[in-house]
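A note on names: the letters A, B, ... follow the listed sequences, proteins ahead of strands, and every chain is numbered from 1.
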Amino acid sequence: MAPEAAPTEGELPRTYDPRAIEGAVTASWVEAGAFAAVPDPDPDRRRYVVMMPLPNVTGALHMGHAMDNVMQDLLTRWHRMAGDDTLWQPGTDHAGIATQAVVEKRLLELEGKTRLDIGREALVARIWAWKDEYQARIVRQQQAMGCGCAWDRQRFTMDPVCSAAVREAFFRLFQDGLIYRGDRLVNWDCHLQTAVADDEIVVETVQGTFTYIRYPVLDPRPGEPDHVVVATTRPETMLGDTAVAVHPAPRGALEAALRAAEDKLAAAPGKERAAAEAEVARLRARFDSHLPGLEALARMAADGRRVVLPLLERPIPIVADAWAKPELGSGCVKITPAHDPNDHEVGKRHPALGAINILNPDGTLNQNAGPYAGLDRFVARKRVVADLEAAGRLEKVEERTIELGHSDRSKTPVEPYLSKQWFVRMGDVPGGVVLGRGTPREHRAPGLAQAAIDAASGTWRSPTGRALAFHPDARYQATYTAWLAEKRDWCISRQLWWGHRIAVWRATLGEVADRAALVAAVRAGVAAGTLCGQVAHARTGEPLRLEGPDHLARLLDDPEWGVPGTEVALCIRDERAEATHQGPLEALGLARDPDVLDTWFSSALWPFSTLGWPDPAGAPTDAGQPGLGARDGRPSSLDAYYPGSCLVTGRDIITLWVARMVMLGLHALGDLPFTDVFVHANIQDGKGVRMSKTAGNGIDPLDIIAAFGADAMRYVLCDMQTGTQDIRLPVQAISPFTGKPVELATAKQAVVRGSKLRGVYEDPDTREPFDVIGTYEGIAKAATTSDRFEVGRNFCNKLWNAARFALLNLPAPGPSADSGPAWAPLARAALAAEDRWILGRLARGTALVTARLEAYDPSGALGAARELFWGDVCDWYLELIKPRLRDEATAPVARQVLAFALDQVLRLLHPFVPFVSEALWAQLGRQAPTRGITAPLAGATAASGGGLLARAPWPVADASWEDAALEAELERMREVTRAVRDLRAKYGVPPSKRLDARVRAPAVAAASLAGLAQHVQAMAGLATLEVGDAVERPRNSAVQVVGELEVYLADVLDPEKERARLEKQREQAQKQLAALEKKLGNEAFVARAPAEVVAAERARQAELQAQLAGIEQGLARL
RNA sequence: GCUCCCGUAGCUCAAUCAGGAGAGCGCCAGCCUGACGUGCUGGAGGUCGGAGGUGCGAUCCCUCCCGGGGGCACCA
């Protein structure tokens, strides 16, 4: 067919154009409900459940998310094809503090207003609008990537279904005494005015000061120091000091420190010696300079002596506590229990000290700061220092770099702040905790954290026999276990407006109008299971769980508890119960806690909140969504899809999220939410910085899809996913002003409205700002690109064209199809050698791809599929059958094998490149509706199990096609072909020139090669080929030695070139042989190496000797 | 400070149990070969970060050094 002829009906276009197929393929999936999860009534059907690591709605997805999503899609498509009842649950996360911060920031930037200006209701409404916008955008991105999620099950952590689960989980943990409210030092964000978790803090090195302050000793006696010196980076906190501490036994502690330093010096490698020596010297000097004073102070501490806090002139005690290290600073330390975590611990050891909070939530000082009340903490800091100096109490001020924790959300320094917060108890509890209460999987564990640690221990099994394991690299189990082992209680309250409001109503008894009515209400509620409660001790604040309907009544008669300061906290189970209880409780004087829950609390429930727990049948799903309850003989979604299978994520949320899902899944349902944690690589930008929404260095996958196609992007992501090695992705932005590419690794961040917005860069030519992640209104959005994705597009084009070639040779579709020969089973004997060979390769390739997927090795799996498709099918099989396809007598068998090979390749490639494979599959189905070798394959047509490739069965390797002898014969044929091609290239013979060749080979090899001679001729462009064990080398022929074979190519001899070429080969062979002979000449090697290694080396020696002999002969005949 | 990982071709990354170093891109040369120039054929290119050690044998195991990154903790 001439190129300019119009394509026949149904013929594929010449060039792969992703945009022409992606939309239609997506539509066909959606229309068929290809990814819907419908619980199978058969309890023995294998399930495969992946819960999407819910992206948060602060912004759009970048390449890092694309990697995460593609990995999940790869696994779920594969499992769906393999026949599993598969659910990939999509959804988004409200990301409490992050989203509120983004919206608040925008409010301030665009309208100059704060949340207090517009109020709680209006702010929350704006956040919902933001959420709607970004959730839609995220879904668009995921669908464009080809994500085969159960889209009709889309959930959001604050939707009614998930909210019901959050409320129930909180109620149950509260009821079990695993949630309590306590006085804790939290990390306080003064800007957002909320507590933030440890992992929401970024520590930055900043320039700071060390302020040394003198505290005069009250009534010093002769021989005693008249003051102590303490140092601090935050001088204003001295206003909250309640003591000064000194080590109780300074000499012993100093000696211990000196010994440690000396040990370190002894072990110090060269570079660290000088520093270690200096440290030892410094410590020795302290025995004279500091120790006497410290010992005096230790005695004074034991005596109950005091110092005077400057400025406020408050006497405070000297206490003895090992927290004060004689080897550091002055050896004394100020104790501020309300504003320093370590001091807080000291405070607990000396309860009489109390704690003085000097901060207001907004970071100004409160009335406890006396004359400094009302000042911002940074203003107060300066004034305190100035006043100390004026009072002569300032020893010195040092400039120093300090590590300062900043809130990741507001970027302002966090303050340790004493406040009441809600916590989940992570540690072991007396009697243990009940996991999966009321389920068939109910069992006990020492505590929540321990339960999660045990789950990954290797020996533990859940009641259903499941355990947790990390893939492909088990080392992340150590991260997980190490974090859990600390068993630090989890602060779950946030002082925000956006989130799940805690459903607890509280009051002190003093505030309760009618105790009898309260007792009655609690009795009724607890008995009905709609209320549970805790009381907090008036003095210690220690919580006590109410057990049984009458517990509160008894406590109120107890003089220890029945006092006005005792606080009662009641949790209302759900919204229906709230309708009953809220009014009466509030009338009694109880008020709802204003806090909301940490986002990770609702995220931790994701594997079952999405499935309708605790009541799938009653779950208030959205309009158009399927119900989650059991019906039509099918189990509920919860029963079908919990416990799940695999969690796919980057390593950064192993502790934040994975561990918490494990704990809360075990607590609620008694089983693991998944058994496999697949930790994939993170995508880094060109500078090696991990892409993240907050860093603003993300790249929009839609840009890459627009430029190269979704399949190309997926191909490259899969190919990059090797182990857990992070991947650098150099990216250019296309300037919206000049159209020129801008290398982002070197581009300047732009300053817009006085601040550096994340993800906004400056055009190097126009100096105008552009935005690469598309978050900012009014800033031009730049498309991004990276040439790393070209290989993906090239691969897809190759696949497209190979399929196109096959389809051009298969019967045309449509009414004329019946003119072609019908499908018929093929006997092995009817197949040509290359047919049997490719069937063997397909079997081997299928097994290899499957094995690599099972090993969580997407790159290996894709590599195997690519090698099979490109290396075997395209480079050899298609070329080998071209002559047969031109001959109607031999074409039908070749066509049938070709259709089968294409079928198998498309199935194997589908999880990697779903769009192009699905499009080609449709065309293959039209032209070869029945496919197979000995029997028709399942899943090829609508009649045999559904027309979509996404739902077609995964190939099963048929090892009976593997034939080692045949493979060896074909391999010899390929080697001879390559030898001829190599000679042609070396001698510059144009491919169009037909040559005469001879091969001398031992009889057996010669016989098999002769049977394949026509292939060598065709593939190497030969006019004639003579093979035998006695063929003569023609005069003037070049020679190539291939193992025991010698290939002669006539009429190309240029003696000088030939000599040079052979000499080079000889040199190489000699070099290798010499190394080998040296090895074999080593008696120790022969004696001590394994026999099979020695034998292999001997065989290789023989081979090299034969080759060398052939080369020598060739040289001799020149 | 503790701890983990990484360093292999110009680039981005592989290499199972220690036994002849690979892929893709890029580069060089040739090719308008009956689907594909987003292609085909051939080729060059590596002191496996450095130095020691153990082994018959080290890219691989051990120690130290250099360089890069992550996690945890702490800072009077």
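Residue A:Asn801 has no polar side-chain atom (N or O) positioned under 4.0 Å from OP1 or OP2 of B:G39. A sub-4.0 Å separation between OP1 or OP2 of B:C72 and a side-chain N or O of A:Arg651 is absent. The side chain of A:Trp870 contributes no N or O atom lying less than 4.0 Å from OP1 or OP2 of B:A35. Between A:Lys986 and B:G30 there is no side-chain polar atom (N or O) within less than 4.0 angstrom of OP1 or OP2.
In this structure, A:Arg234 does not pair ionically with A:Glu236, as no charged nitrogen and carboxylate oxygen lie closer than 4.0 Å. With salt bridges taken as basic N to acidic carboxylate O contacts below 4.0 Å, none links A:Glu975 and A:Arg978. No salt bridge links A:Lys1064 with A:Glu1067; every basic N to acidic carboxylate O contact stays at or beyond 4.0 Å. With salt bridges taken as basic N to acidic carboxylate O contacts below 4.0 Å, none links A:Glu327 and A:Lys325. Under 4.0 Å is where a charged nitrogen must lie from a carboxylate oxygen, and between A:Arg1088 and A:Glu1083 no such pair does. For the pair A:Asp711 and A:Arg793, the salt-bridge criterion is not met [side-chain N within less than 4.0 Å of a carboxylate O].
Out of B:G43, B:A73, B:A35, the shortest distance to the side chain of A:Arg14 is found at B:A35. Set against B:A44, B:C25, B:A35, the side chain of A:Leu808 has B:A35 as its closest nucleotide. Comparing B:G42, B:C74, B:G70 by their closest approach to the side chain of A:Trp323 singles out B:C74.
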Q.
Does the protein touch nucleotides 4-22 of chain B at the base, only the backbone, or not at all? Give it as B, S and - per nucleotide, heavy atoms under 4.0 Å.
A. SSS-----SSS----BB--
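Nucleotide B:G67: paired with B:C6 (Watson-Crick or G-U wobble, both distances less than 3.5 Å). When Watson-Crick and G-U wobble pairs are counted only if both distances are under 3.5 Å, B:C48 pairs with no nucleotide at all. Checking B:G42 for Watson-Crick or G-U wobble geometry (two distances, each under 3.5 Å) identifies B:C28 as its partner.
At whole-Å resolution of the value, NZ in A:Lys798 and P in B:C25 are 12 Å apart. To the nearest angstrom, P of B:U33 lies 15 Å from CZ of A:Phe805. Between the CH2 atom of A:Trp876 and the P atom of B:C40 there is a distance of 13 Å, given to the nearest Å.
Between the side chains of A:Arg804 and A:Tyr16, no donor-acceptor pair of N or O atoms lies under 3.5 Å.
Residue-to-nucleotide contacts include a donor-acceptor pair under 3.5 Å from the side chain of A:Glu879 to the base of B:A35.
Under the 90° criterion around 0 for the glycosidic angle, B:G10 counts as anti.
Heavy atoms of A:Arg886 sit under 4.0 angstrom from at least one base atom.
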